[in-house]
Amino acid sequence: MVPIETSQQRLMEDKIRQVMSRILRIPAHQIDEAVSVDTVSTWDSLQHINLVLALEEEFNVRFSVDDIGLITSYPAIIKVLDRLMGTASD
């Protein structure tokens, strides 16, 4: 049996990939730890704001100005959302 935390984490990561795929127009299966503002040509300042808004809506959270500056990669988005949603494991 898969631990609940692992299932919830996997579900959250799947949702993040779907949002990123939709906003950044890249296939969800290509979104991994290497995906960042530096590696995705469609991830410009406008798409960053659209991504922020879409993630806030999807996860019912609000990013601080500091958080908005931090979420410039797939791993960073996971880390910040874990913190905001109280699911961080560290």
Side-chain angles (χ1 to χ4, degrees):
M1 184 171 169
V2 176
I4 293 173
E5 293 169 3
T6 303
S7 296
Q8 289 176 340
Q9 184 72 22
R10 189 173 303 127
L11 180 60
M12 182 184 79
E13 291 175 14
D14 287 345
K15 286 182 177 183
I16 293 169
R17 279 192 295 276
Q18 291 302 317
V19 170
M20 291 179 75
S21 174
R22 185 177 76 245
I23 300 299
L24 302 175
R25 297 180 303 277
I26 56 175
H29 71 272
Q30 291 181 358
I31 297 172
D32 60 19
E33 273 72 43
V35 170
S36 74
V37 70
D38 296 322
T39 62
V40 177
S41 63
T42 57
W43 195 339
D44 60 16
S45 58
L46 178 59
Q47 292 310 89
H48 188 72
I49 296 302
N50 288 333
L51 181 60
V52 166
L53 295 172
L55 289 166
E56 286 182 336
E57 184 175 319
E58 178 69 34
F59 292 98
N60 196 31
V61 297
R62 290 292 171 252
F63 294 111
S64 69
V65 172
D66 289 338
D67 289 337
I68 291 169
L70 291 174
I71 58 170
T72 58
S73 69
Y74 173 65
I77 291 169
I78 293 170
K79 184 175 181 177
V80 170
L81 281 172
D82 275 342
R83 180 176 44 79
L84 291 176
M85 297 173 67
T87 59
S89 58
D90 46 28

Give every residue pair that meets the side chain to side chain donor-acceptor pair (under 3.5 Å) criterion with at least one member in residues 46-63, sequence neighbours excluded.
-> Trp43-His48, Gln47-Asn50

Donor-acceptor pair, Thr39 side chain versus Ala34 backbone, under 3.5 Å?
-> yes

Just wondering, do Val61 and Leu55 contact through their side chains at under 4.5 Å, heavy atoms?
-> no

Roughly how far, to the nearest 0.5 Å, is CD1 of Ile16 from CD1 of Ile31?
-> 10.0 Å

Do Leu84 and Phe63 touch side chain to side chain, with heavy atoms closer than 4.5 Å?
-> yes

Is there a side-chain contact between Ile78 and Met12, using heavy atoms and a 4.5 Å cut-off?
-> yes

Say you draw a straight line from CG of Asp14 to OG of Ser21; how long is it, rounded to the nearest 0.5 Å?
-> 12.0 Å

Tell me, do Met20 and Leu51 make a side-chain contact under 4.5 Å, heavy atoms counted?
-> yes

Return each pair, listed once, that meets salt bridge (Lys or Arg N to Asp or Glu O under 4.0 Å) where at least one residue sits in residues 25-49; pairs must be two or more places apart or across chains.
-> none

Rounded to the nearest 0.5 angstrom, the CD1-CG distance for Ile77 and Leu70 is 11.0 Å

With sequence neighbours left out, what residues match Gln18 under side-chain hydrogen bond (donor to acceptor under 3.5 Å, both in side chains)?
-> none

Partners meeting side-chain contact (heavy atoms from CB on, under 4.5 Å) with Ala76 (sequence neighbours left out) = Ser73

So does Lys79 pair up with Asp82, basic N to acidic O under 4.0 Å?
-> no

Should side-chain heavy atoms under 4.5 Å link Ile, Leu, Val, Met, Phe, Trp and Tyr, which residues sit in the same cluster as Leu53?
-> Ile49

What are the two closest heavy atoms between Val19 and Ala54, and how far apart are they?
-> CG1-CB, 3.6 Å

May I ask you to test the Gln8-Leu11 pair for a side-chain heavy-atom distance under 4.5 Å?
-> no

side-chain hydrogen bond (donor to acceptor under 3.5 Å, both in side chains) against Ser64, all qualifying residues, sequence neighbours excluded = Asp67

